[in-house]
Number of protein chains: 2
Amino acid sequence: MSHHAPAANLGWALGMVLRRWHQRVEHVLGDIPQGTRGFHVLSAVVHQDLPTQAALASHLAIDRTVMTYLIDELEEAGLVERTPDPHDRRARRIVATTRGHKVLVDAERQVADVEEFVFRGLAPEDKATFLELTQRTANLIREEDPATDPCVAVKEVLDLSEGPNSRR
Amino acid sequence: MSHHAPAANLGWALGMVLRRWHQRVEHVLGDIPQGTRGFHVLSAVVHQDLPTQAALASHLAIDRTVMTYLIDELEEAGLVERTPDPHDRRARRIVATTRGHKVLVDAERQVADVEEFVFRGLAPEDKATFLELTQRTANLIREEDPATDPCVAVKEVLDLSEGPNSRR
DNA sequence: TATTGTTATACTCTATAACTATA
DNA sequence: TATAGTTATAGAGTATAACAATA
């Protein structure tokens, strides 16, 4: 089987890597409901300072209606709790339970193992570089996109194509 | 707004970058149906030597049932054609039309512009490194996963966790 | 009037299975 | 029997809109 032209297609390559990451990580996240998304939410609850559901949804670029049953299931699994926000009676502060912290630490260790495995074909320094660049790019994207505001996103896209090429 | 701990979550970061790539590229692919997937298929038809639908589906990790209506729409749009395979009367050889070649060249130029824009926050050499490492990782993943065989994938996962941790 | 969170509905995407025609 | 391709159906995932409570 010959190796054809490497395609040089970034979208395809990123999709390939991310799909593999998902496949492998899902198999390792037995204690967290909703697979990788549950993991991302729990991780954000513990590591970031994003107390409300809306803030979590915005950070993770998940719809807030999805966030509702995501948190529902994490709460049912005893990993997080919804507590009233003292400053805003509409909002709920999402906090991890003791078990939630424990499960996350365990999950993070397993995810690290998976990543070790998935990127085993790369030299250690290349792997570190890839992780660092991915992280940096993601942070840049998040910063340039204030609060993942859909209006701003549309405006930016229009600026990009700078013309009435409206499709759909 | 303070910058919290960088999360160090590869899955989140990859998802962020890929989502942004998709958003931007979709807005630029007016002539190709089915958005980025149509683009990937057309690109594979032209650049890779994957004559049959099954080979295309396997390469792009798309289900062969999906490949059917993907090619249906590309064919309706006059970008590819299904021609009989002289060696196997079950198979169809997928070839790009003249228009398909033209549309792809145009799309690739626009996608390159989008990528230029999406990664404008990275220094040129960092961007090149990121592209090269992503491509290399994707190729490694494809090679280690013979023909994207689901049985092999399951076996590999079981080997990874090396124990009866069967979930679901 | 705007926002947080919830619920219900509808739409899209994907996965599964069944079918045909070939091998 | 196995494979290439097609079709139909069901399921998961996602987006939209409407609603209640609060700001």
Side-chain angles (χ1 to χ4, degrees), chain A residues 15 18-19 22-23 26 29 33-41 45 50-76 80-95 146-151 153-154 167-168, chain B residues 11 15 18-19 22-23 26 33-41 44-45 50-76 80-95 146-151 153-154 168:
Chain A
L18 185 56
R19 172 167 34 238
H22 269 115
Q23 285 172 350
E26 295 246 335
L29 255 39
Q34 294 295 321
T36 55
R37 277 194 316 184
F39 171 68
H40 284 145
V41 172
V45 166
L50 302 162
T52 70
Q53 292 187 199
L56 281 167
S58 161
H59 176 80
L60 296 172
I62 291 174
D63 196 273
R64 66 175 206 238
T65 65
V66 176
M67 190 55 69
T68 296
Y69 32 86
L70 232 39
I71 305 246
D72 281 352
E73 298 215 26
L74 288 173
E75 200 169 30
E76 278 174 37
V80 304
E81 275 175 0
R82 278 186 251 238
T83 64
D85 185 320
H87 303 306
D88 186 341
R89 275 192 292 172
R90 293 171 304 183
R92 278 108 224 253
R93 290 168 46 84
I94 311 301
V95 292
T148 324
D149 187 329
C151 300
V154 169
R167 198 169 70 79
R168 183 196 316 176
Chain B
L18 185 55
R19 175 168 30 239
H22 269 115
Q23 284 173 351
E26 295 244 337
Q34 294 295 320
T36 54
R37 277 193 316 183
F39 170 69
H40 284 145
V41 172
V45 166
L50 302 161
T52 68
Q53 293 186 200
L56 282 167
S58 161
H59 176 80
L60 296 172
I62 291 175
D63 196 272
R64 66 173 205 234
T65 65
V66 175
M67 190 54 71
T68 295
Y69 32 86
L70 232 40
I71 305 244
D72 281 351
E73 299 215 25
L74 289 173
E75 199 169 30
E76 278 173 38
V80 304
E81 274 174 0
R82 279 187 249 237
T83 65
D85 186 318
H87 302 307
D88 186 341
R89 274 191 293 172
R90 293 171 304 182
R92 277 110 225 250
R93 289 168 48 86
I94 311 300
V95 292
T148 325
D149 187 329
C151 301
V154 169
R168 183 194 309 176

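Lettering of chains follows the sequences in order, A, B, ..., and the numbering in each one begins at 1.
Atom pair A:E26:CD and D:dA12:P shows a separation of 14 Å (rounding to whole Å applied). Between the CG atom of A:L70 and the C1' atom of D:dA12 there is a distance of 14 Å, given to the nearest Å. Separating the CD atom of A:Q34 from the P atom of D:dG13 is a distance of 7 Å, rounded to the nearest angstrom. The distance from atom CZ of A:R92 to atom P of C:dT3 is 18 Å, rounded to the nearest whole Å. In this structure, CD1 of B:I71 is placed 8 Å from P of D:dG5, rounded to the nearest angstrom. Distance CG (A:L50) to C1' (C:dG5): 17 Å, rounded to an integer number of Å. In this structure, CG of B:D63 is placed 15 Å from P of D:dT7, rounded to the nearest angstrom. Computed from coordinates, the B:D85 CG to D:dA4 P distance equals 11 Å when rounded to whole Å.
Under the rule for a side-chain contact (heavy atoms from CB on, under 4.5 Å), the partners of A:P51 that lie at least two apart in sequence or sit in another chain are A:D49, A:R93. For B:D88, the salt bridge (Lys or Arg N to Asp or Glu O under 4.0 Å) partners two or more places apart in sequence, or in a different chain, are B:R90. Checked against side-chain contact (heavy atoms from CB on, under 4.5 Å), B:E76 has no partners two or more places apart in sequence or in another chain. Residues that satisfy the side-chain contact (heavy atoms from CB on, under 4.5 Å) test with A:A54, not counting sequence neighbours, are A:T52. Considering only residues two or more places apart in sequence or on other chains, B:Q53 meets the side-chain contact (heavy atoms from CB on, under 4.5 Å) condition with B:M67, B:T68, B:I71, B:R82, B:I94.
Counting non-hydrogen atoms under 4.0 angstrom, A:R93 reaches nothing in the nucleic acid.
For C:dG5, the OP1/OP2 oxygens have no side-chain nitrogen or oxygen of A:T68 closer than 4.0 Å. OP1 or OP2 of C:dT6 sits under 4.0 Å from a side-chain N or O of A:R82.
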Item to complete: Take A:R37 and A:V66 through the side chain to side chain contact (heavy atoms under 4.5 Å, CB included) test and state the conclusion after the steps.
Response: CA-CA 10 Å; A:R37 277 194 316 184; A:V66 176; 3.6 Å; yes
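In terms of heavy-atom proximity, B:Y69 sits nearest to B:T65 at CE2-O, 3.2 Å.
Here the side chain of A:R37 is nearest to one of D:dA15, D:dT6, D:dT14, namely D:dT14. Of the candidate nucleotides D:dA15, C:dT14, C:dG5, C:dG5 has the atom nearest to the side chain of A:Q53.
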Worksheet item: In the 5'-to-3' direction, what one-character label does each nucleotide of nucleotides 18-23 of chain C receive under the scheme B = base within less than 4.0 Å of a protein heavy atom, S = sugar-phosphate only, - = no such atom?
Response: B--BBS
